[in-house]
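A short write-up of the structure that comes next.
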Amino acid sequence: MSVERYEKFWMWGAGVLIVLFLGAIGFSAGLQAVRPPSHLETVDPAALDAHPEFGAPSVVVRSDGAVVVTVVASMFAFAPDPIEVPANRPVTFRLTSPDVIHGFQVVGTNANAMVVPGYVSQFTMTFARPGEYAIVCNEYCGLAHHMMVGRLVVKAARP
Ligand code: CUA
């Protein structure tokens with residue numbers, strides 16, 4: 001069987017392109033560490049009720065003064081609601097879900113995380129402006145997704 005010269009040229013060209021593209025994927029995934037940081041901590045989504053932390057989602061001030069908010073996002077609400085935190089202090093949010101993927105976005109701020117069943121998403125934010133903020137779910141999670149709204153109350157520190 002004989003293969004035309006131009007046909008050979010395009011076959012080898014296509015092969016080189018495939019190797020280049022696969023190499024680019026391998027490079028970005030392996031060497032540039034493209035991986036979600038929230039996937040470091042896991043939790044059993046079927047046993048959240050019995051979990052020492054997520055069984056009773058709440059705002060806790062730890063002995064070193066750190067404010068930690070444990071949030072469970074489920075169809076179709078956030079717990080606790082409202083969430084009350086102090087202004088001008090770092091607040092660490094720890095989020096998970098017992099059912100499907102939800103979003104946790106504090107409107108008007110940079111606070112925004114994906115809430116994935118089986119995983120703990122964590123981020124730390126400082127809210128400079130006291131006031132009331134809406135928390136919205138920005139991942140489609142079911143028929144009442146558009147009703148999934150919570151409240152964050154940022155309280156000014158007492159003088
Ligand atoms: Cu929860 Cu959309």
Side-chain angles (χ1 to χ4, degrees), residues 18 21-159:
I18 289 170
F21 292 151
L22 288 178
I25 292 172
F27 174 76
S28 56
L31 296 179
Q32 297 193 315
V34 180
R35 55 182 74 95
S38 58
H39 283 199
L40 295 172
E41 189 181 343
T42 57
V43 64
D44 181 3
L48 280 192
D49 286 341
H51 192 273
E53 185 184 1
F54 291 103
S58 58
V59 182
V60 174
V61 181
R62 295 207 170 141
S63 51
D64 61 354
V67 182
V68 179
V69 185
T70 304
V71 180
V72 172
S74 55
M75 289 187 268
F76 295 97
F78 298 100
D81 186 25
I83 297 170
E84 290 190 10
V85 298
N88 294 311
R89 265 172 75 179
V91 177
T92 297
F93 289 87
R94 288 171 52 75
L95 316 125
T96 196
S97 159
D99 41 45
V100 298
I101 294 176
H102 297 277
F104 182 91
Q105 179 179 1
V106 182
V107 177
T109 73
N110 282 342
N112 187 5
M114 204 172 180
V115 190
V116 183
Y119 295 95
V120 177
S121 305
Q122 182 173 311
F123 66 92
T124 303
M125 274 290 293
T126 302
F127 299 96
R129 258 186 313 122
E132 256 192 59
Y133 298 80
I135 301 167
V136 296
C137 175
N138 55 16
E139 297 281 344
Y140 182 74
C141 54
L143 285 180
H145 157 72
H146 62 290
M147 312 275 285
M148 189 164 168
V149 180
R151 261 192 325 141
L152 176 79
V153 181
V154 178
K155 297 201 149 175
R158 283 185 215 98

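Please read all numbers here as calculations on a predicted model, not as lab measurements. When a ligand or atom number is given, it counts from 1 through the structure's own listing order.
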message: Determine whether a donor-acceptor pair (N or O, by modelled atom type, separation under 3.5 Å) exists between the side chain of Asp99 and the backbone of Met75.
response: yes
task: Please check if the side chain of Ser97 supplies one atom and the backbone of Val116 the other of a donor-acceptor pair under 3.5 Å.
output: no
message: Looking only at N, O or S atoms in Glu139, which is nearest to atom 2 (Cu) of ligand 1?
response: O
- line: Which atom of His145 is nearest atom 2 (Cu) of ligand 1, counting N, O or S only? It is ND1
- request: For the atoms SG of Cys141 and SG of Cys137, give the angle they form at atom 2 (Cu) of ligand 1, rounded to 10 degrees.
  value: 120°
- line: Looking only at heavy atoms, the pair that brings Phe123 and Ala111 closest together is CE1-CB, 3.6 Å
- prompt: Which of the N/O/S atoms in His102 sits closest to atom 1 (Cu) of ligand 1?
  reply: ND1
- request: Kindly indicate whether the side chain of Val43, heavy atoms from C-beta on, has any atom under 4.5 Å from the side chain of His51.
  value: yes
query: Does some side-chain heavy atom of Met125 sit less than 4.5 Å from a side-chain heavy atom of Pro90?
result: no
query: Has Met148 got an N, O or S atom lying less than 2.8 Å from atom 1 (Cu) of ligand 1?
result: yes
